[in-house]
Amino acid sequence: MARHLITSAIPYINGIKHLGNLVGSQLPADLFARYQRARGNEVMFICATDEHGTPAELAAAKAGKPVAEYCAEMHEVQAKIAEGFRLSFDHFGRSSSPQNHRLTQHFAVKLAEAGLIREVSETQMYSKADGRFLPDRYIEGTCPNCGFESARGDQCDNCTKQLDPVDLINPHSTISGSTDLEMRGTKHLFLRQSAMKDRLDAWIDSKSDWPVLTTSIAKKWLHDGDGLQDRGITRDLSWGVPAQFEGAPWSGMEGKVFYVWFDAPIEYIAATEEWTEKTGGDWERWWRTDKGADDVTYTQFMGKDNVPFHTLSFPATILGSGEPWKLVDYIKSFNYLNYDGGQFSTSRGRGVFMDQALELLPADYWRWWLLSHAPESADAEFTWENFQVSANKDLADVLGNFVSRITKFTRSKFGEAIPEGGSWGAQEAALIEDLTTRIRAYETHMEEKDIRKAAMELRGIWVAGNEYLQASAPWSVFKTDPDQAAAIARLALNLIPIYAVLSAPFIPDAAKIMLEAMGDEDRGWPGDVKTALEALPAGHAFTTPEVLFRKITDDEREEWQERFAGTRD
RNA sequence: GGCUAGGUAGCUCAGCUGGUUAGAGCACACGACUCAUAAUCGUGGGGUCGGGGGUUCAAGUCCCCCCCUCGCCA
């Protein structure tokens, strides 16, 4: 039995994510996790909320709550929505957990011991009124270049000129509005990624099977300009993992915490440790190659914006520690999903957000559309027309109607049990051959994380059932040879649990309904197709399910199109 | 401006290391069927493979130049 460690990029805590975020990491990771479990493999599927940093502090302040309380609440909200989408995490952790605090500090110590941490003194804008150092983008002022009054400290949105906060005329804090700002000296820890460059380069080079999107981004950061740069791993904040702690090999870091990008990926490991606390399981056999993780296959899923951290920074942390931690084996990355001619926008509320989506339609509809249109080779686009057509055609007409037509036909001619009589001939043999080829192809696509292709093949498998029914026409055979019609119906009914098991990674709820209707909840993966088609014997009772997928009407589509074009709230 | 990825039928996309008449789904037209969620199945029309050069017996597939889209970086 193979062992699969699967992680999804962890969503940031400040608010509910949109469909683009979902399809970029959590959903494909869930697809893969469900598939591997269905194949009988051992799976550890981990996700978490990314809770530290300035945006979380500001969102909490805006909500009028202590940041810890705010994060705890938002974590619950996100966990609930994840459940709504049937994301089957073994554990959905929190980067603010004590486990992550310990582990983050542990890695920092190990990296320092390996000579991979250096201290850097720099000056940054400090706001007395806010009592904090301000990240560049939280400082606004008049652009010295074009006179635009709301230029940010890092860049002017009007003339696009790159800026330094000290360049701004009349700079003020966007948090408090205060103009009482000054440059202050501060000290930070930097991870010496540059020292790891060759090692990382060779490692990336060895991954010839990774998506080009993943390796090209990594290569760019490794070789662009002066090559891989050292990066600060601390910030002047209070909400986070303290950078000064007992046993720290440095001093003077009071009041500073580790920067989110450093502690967030470590949370993958810490979350598994959190899982141990919950279940009593052994987390080290998933993460320590000296403690049983050497046979683990580790796959990460993420949007392209996260690739640099997962291909370079996190591996630098893992490798640099000098300890036998499990390194990722495959990084599946995704492009962006756009919304109806533009981008999804969290700030402007443009597009569909996860909570809203579930209010409109069951999770399966979204899962199917998003996965079958996953932005693998290029950015993809969500349009309501496309969504309506795909869902109605694929789910309602092809799959749903197949289940409906054969169960209703059998019920009316033979009653609600698998009918007896007749025998298989050439048509059935041809179907078995076709399905065998298709199912093996589907397995290959799933193993390779080729999501669109897997979806297409699955759809083809559904179509094969309709083709068979159309060609064998049990409704006319019944008139002259009821026994033969029974044989056809018996086979077609036996397709339902097979379809359910194959489809479950994409549409788990519908799959469950199909299995329940056929009284076959524990059905396993179809190895030999002929055997699988004989699993439900004559006389086995079934029930005729309600409509599996209702159709999306034109009126609904138009209404939604209108509703989600504008601003949220 | 530098870099990545793209630009293939009306739409969404497949096309591996160059090699028979460029494929699929949707849409469209016609036909079959009437068990089924007015669903299904079949057939067909439709493409100068962004543009221009070049290499080759042979290029959507390799090389060069240009145009356009998206993203990243500066």
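Numbered from 1 within each chain, the chains take letters A, B, ... in sequence-line order.
Atom C1' of B:U61 sits at a distance of 11 Å from the matching atom of B:A22, rounded to the whole Å. The same atom, C1', is picked in B:C33 and in B:G23; the two are 28 Å apart, to the nearest Å. Taking the C1' atom of each, B:G45 and B:G2 are spaced 46 Å apart, rounded to whole Å. On the P atoms, B:A14 is 13 Å away from B:A9, given to the nearest whole Å. When the C1' atom is used for both B:C64 and B:U55, the distance is 11 Å, rounded to whole Å. If you take atom P in B:G7 and the same atom in B:U43, they sit 29 Å apart, rounded to whole Å. Across B:A59 and B:G52, the matching C1' atoms stand 15 Å from one another, rounded to whole Å. With both ends at atom P, the span from B:G50 to B:C11 equals 14 Å, rounded to whole Å.
The partner of B:C3 is B:G71, judged by Watson-Crick or G-U wobble contacts that both fall below 3.5 Å. Under the Watson-Crick and G-U wobble criteria, each requiring two contacts below 3.5 Å, nucleotide B:C62 is paired to B:G54. For B:C26, the paired base is B:G10 (Watson-Crick or G-U wobble, both distances below 3.5 Å).
Between A:K551 and B:A39 there is a side-chain N or O to OP1 or OP2 distance below 4.0 Å. For A:K408, no side-chain nitrogen or oxygen approaches OP1 or OP2 of B:A39 to under 4.0 Å. An OP1 or OP2 oxygen of B:A24 is reached within less than 4.0 angstrom by no side-chain nitrogen or oxygen of A:K453. OP1 or OP2 of B:C13 has at least one side-chain nitrogen or oxygen of A:R452 nearer than 4.0 Å. Distances shown here put every side-chain N or O of A:R411 at or beyond 4.0 Å from the OP1 or OP2 atom of B:C35.
Aromatic rings from A:Y499 and A:F402 are positioned such that their centres are separated by under 6.0 Å. Aromatic pair A:W368/A:W462: centroids less than 6.0 angstrom apart. Taking the six-membered ring for Trp and the full ring otherwise, the centers of A:F382 and A:W369 sit less than 6.0 Å from each other.
In this structure, the aromatic ring of A:F409 is not positioned over the six-membered ring of the base of B:C35 within 5.5 Å between centres and 30° between planes.
Here the nucleotide nearest the side chain of A:M456, chosen from B:A24, B:C41, B:C33, is B:A24. Counting only heavy atoms from C-beta on, A:V463 has its side chain closest to B:C41 among B:C41, B:A27, B:A24. Listed nucleotides B:G71, B:U37, B:C41 differ in distance to A:V547; the shortest reach to its side chain belongs to B:U37. Among the nucleotides B:U37, B:C41, B:C33, the one closest to any side-chain atom of A:A396 is B:U37.
As rounded to whole Å, 14 Å separates atom P of B:G15 from atom CD of A:E457. In this entry the distance linking NZ of A:K304 with P of B:A5 reads 12 Å, nearest Å. Between the P atom of B:C13 and the CG atom of A:N386 lies a distance of 8 Å, rounded to the nearest Å. One interatomic measurement links the two molecules: CD of A:Q388 to C1' of B:U37, which rounds to 14 Å at whole-angstrom precision. The separation between A:I406 atom CD1 and B:U34 atom P is 15 Å, rounded to whole Å. Between the CG atom of A:L458 and the P atom of B:A14 there is a distance of 18 Å, given to the nearest Å. Nucleotide B:U37 holds its P atom 16 Å from the CD1 atom of A:I513, rounded to whole Å. Remark: P of B:A5 and CD of A:E376 are 17 Å apart, rounded to the nearest angstrom.
Remark: side-chain polar atoms of A:N392 are paired, donor with acceptor, to backbone N or O of A:I552 under 3.5 angstrom. For A:H18 (side chain) and A:N21 (main-chain N/O), a donor-acceptor pair under 3.5 Å exists by modelled atom type.
Residue A:P497 forms a side-chain contact (heavy atoms from CB on, under 4.5 Å) with just one option from A:L533, A:D520, A:L502, and that option is A:D520.
Side-chain atoms of A:D397 stay outside donor-acceptor range of the base of B:A39, with no qualifying N/O pair under 3.5 Å.
A salt bridge is absent between A:K453 and A:E457; no separation between the charged side-chain nitrogens and carboxylate oxygens falls under 4.0 Å.
When heavy atoms are screened at a 4.0 angstrom cut-off, A:L548 is found touching base atoms of the nucleic acid. Base engagement by A:F549 is indicated by at least one non-hydrogen atom pair under 4.0 Å involving a base atom.
Both A:N401 and A:R459 sit near RNA chain B, but only A:R459 has its closest nucleotide nearer the 5' end. RNA chain B is contacted by both A:A464 and A:S412; A:S412 maps to the nucleotide lying nearer its 5′ end (nearest heavy atom per residue).
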Next on the checklist: What verdict does the ring-ring contact (aromatic ring centres under 6.0 Å, His included) test give for A:W560 and A:F387, after you've listed the backbone C-alpha separation in whole Å, the side-chain angles of each residue and the deciding distance to 0.1 Å?
Outcome noted: CA-CA 11 Å; A:W560 296 340; A:F387 176 66; 7.3 Å; no
